[in-house]
Amino acid sequence: MAEQLAGQNFKVSRRVFLKGCTLAATALGLSESMVPRLVEAAASDQRPPVVWLHFQECTGCTESLLRASHPDIGRLILDIISLDYHETVMAGSGLQAEKSLQDTLDRYSGKFVCVVEGAIPTKDGGIYCKIGGRTAMDILAEVGPKAAAVIAIGTCSSFGGIQAAKPNPTGAAGVSELLPGVPVINIPGCPPNPISFLGTVLHYFTFQRLPRTDQMGRPLFAYGRKIHDHCERRAHFDEGRFVEQFGDDAHLRGYCLYKVGCRGPGTFSNCPTARFNDVDVWPVSVGHGCIGCTEPDFWDNMGPFYERLPGVSIPGSGGGIVHDAETAGKTILGVTAAAIGIHAAVGIGRKLAGKKKKEE
Ligand code: FSX
Ligand code: SF4
Ligand code: F3S
């Protein structure tokens with residue numbers, strides 16, 4: 001059945017289609033026996049339409065999904081979702097484009113998925129980002145509550161990203177802060193891994209609910225583990241073998257990057273296992289430390305990027321081997337939580353309550 005569906009309904013080849021569903025199932029932690037269910041959901045004519053909004057951002061999230069570096073996943077996503085509105089890839093523009101957005105809202109109210117890319121400026125009535133004469137705040141306030149689910153793709157729409165870095169001149173905020181009570185799932189990363197987005201979408205199509213999340217609204221299947229806990233250089237950390245300076249002998253040998261600034265001990269993401277692009281790499285595998293791009297306010301809280309992350313005991317410090325990366329993670333999350341502020345915390349609390357209800 002899967003073969004027929006894939007063969008009949010999809011522009012991508014059957015091989016790409018099945019490979020993508022299998023990759024997504026693996027990323028979601030599902031057994032191989034679940035692949036046919038994912039395939040069936042992805043091939044169904046009942047897939048909800050998707051409205052994709054662009055606000056304050058660099059479009060790197062869309063680029064990383066659709067560019068040639070990962071063509072199969074990008075094409076598969078475009079085939080699986082019924083993309084009704086996306087400013088980067090849609091042929092229409094101006095009034096025609098805005099009409100297609102309104103048509104989708106009218107026809108599919110309560111049934112479509114809204115994907116948001118980019119932060120939303122809130123200062124001065126939100127005038128710093130306008131599309132079709134309307135502010136991003138207005139558009140989100142209209143579209144978000146009508147959606148069956150909202151997916152914030154990228155760190156900008158999840159937490160504000162670089163636009164919200166100090167001094168945050170436009171009052172940029174993440175989606176969940178502006179949509180209390182609406183189920184929002186965050187897929188952070190600057191940009192995020194396409195497989196984390198694909199897994200979330202397929203989970204929603206297959207089980208009619210969003211995957212389980214952490215307290216930051218991130219799906220646990222992709223953000224449930226610290227990078228440091230599944231990094232291929234971890235054995236070097238444990239044995240005290242560190243790069244002291246980029247280009248030194250230790251760097252050429254692939255030793256641990258902690259001393260040149262790696263934020264892996266305080267960052268939650270699947271980068272070491274999901275990896276990026278068809279050449280199967282991620283920042284640490286090519287010799288650069290993680291800068292913590294999946295964490296809220298990482299531009300402010302994770303820097304300076306080339307200095308050691310505080311709060312991490314390393315082998316040999318204090319005379320013993322103490323691995324205190326757990327504390328480092330908590331320290332950073334503590335700083336982050338304080339930085340989010342009370343308003344955001346209330347928003348996240350409401351959002352989680354709404355999400356919990358939905359899961360039940
Ligand atoms: Fe932000 Fe996405 Fe970083 Fe860019 O659009 S998460 S700046 S990679 O691309 O929103
Ligand atoms: Fe890997 Fe960075 Fe941890 Fe070293 S500090 S083991 S490079 S995640
Ligand atoms: Fe970002 Fe660190 Fe992964 S910088 S891409 S979370 S390795």
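Note that ligands are numbered from 1 as they come in the structure, with each ligand's atoms numbered from 1 the same way. Along the sequence shown, the residues carry numbers beginning at 1.
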Could you please spell out the steps behind the side-chain contact (heavy atoms from CB on, under 4.5 Å) verdict for Ile291 and Met302? CA-CA 7 Å; Ile291 61 169; Met302 290 294 192; 5.9 Å; no
For atom 4 (Fe) of ligand 2, which protein heavy atom lies nearest, and how many Å away is it? Cys256 SG, 2.4 Å
Examine Ile162 against ligand 1 and note whether any of their N/O atoms are separated by less than 3.5 Å. no
As an exercise, identify every atom of ligand 1 less than 4.0 angstrom from a heavy atom of Thr59. 5 (O), 9 (O)
Using a strict 4.0 Å cut-off to heavy atoms of Thr155, name the atoms of ligand 1 that fall inside it. 6 (S)
Compute the shortest N/O to N/O distance between Thr62 and ligand 1 and return yes if it is under 3.5 Å, no if not. no
Hey, does Gln56 come in under 3.5 Å of ligand 1, counting only N/O atoms on both sides? no
Gly189 heavy atom under 4.0 Å from ligand 3: no
Please name the pair of heavy atoms, one in Arg218 and one in Pro296, separated by the smallest distance, quoted to 0.1 Å. NH1-CD, 4.5 Å
Which ligand 2 atoms, with their elements, are less than 4.0 angstrom from a heavy-atom of Arg234? 6 (S)
Sub-4.0 Å atoms of ligand 2 with respect to non-hydrogen atoms of Arg233: 6 (S)
For atom 2 (Fe) of ligand 2, find the nearest protein heavy atom and state the residue, atom name and distance (0.1 Å precision). Cys262 SG, 2.4 Å
Protein residue, atom and distance nearest to atom 3 (Fe) of ligand 2, heavy-atom basis: His228 ND1, 2.2 Å
Looking at Ile227, which atoms of ligand 2 are within less than 4.0 Å of one of its heavy atoms? 8 (S)
Whether the Ser33 and Ser31 side chains hold a donor-acceptor pair (N or O, under 3.5 Å, no angle test) is what I'd like checked. yes
Measuring from the heavy atoms of Val284, does anything fall under 4.0 Å of ligand 3? no
Within ligand 1, which atoms have a heavy atom of Glu57 less than 4.0 Å away? 5 (O), 10 (O)
For atom CG of Leu95, decide whether the heavy atoms of other residues, nucleotides or ligands shown that lie under 6.0 angstrom number more than 12. no
Looking at ligand 1, does Gly189 have a heavy atom less than 4.0 Å from it? yes
Would you mind telling me if ligand 3 is within reach of the side chain of Cys290, the backbone, both or neither, using heavy atoms under 4.0 Å? both
Considering heavy atoms of the protein only, find what lies nearest to atom 7 (S) of ligand 2 and give residue, atom and distance to 0.1 Å. Leu257 N, 3.4 Å
Considering only the protein, which heavy-atom contact is closest to atom 2 (Fe) of ligand 1, and what is its distance? Cys61 SG, 2.3 Å
Metal proximity, Cys293 vs atom 3 (Fe) of ligand 3, N/O/S cut-off 2.8 Å: no
Quick one: which ligand 2 atoms are inside 4.0 Å of a heavy atom on Gly264? 8 (S)
Should you measure from each heavy atom of Pro191, which atoms of ligand 1 turn up under 4.0 Å away? 8 (S)
With respect to atom 4 (Fe) of ligand 1, please indicate if Cys156 possesses an N, O or S atom at a distance under 2.8 Å. no
Which one of Ser64, Pro188, Gly60 has a non-hydrogen atom at the shortest distance from atom 9 (O) of ligand 1? Gly60
Should the proximity of Ile153 to ligand 1, defined as any heavy atom under 4.0 Å, be assigned to the side chain, the backbone, both, or neither? neither
Answer yes or no for Cys290: is there an N/O/S atom below the 2.8 Å cut-off from atom 2 (Fe) of ligand 2? no
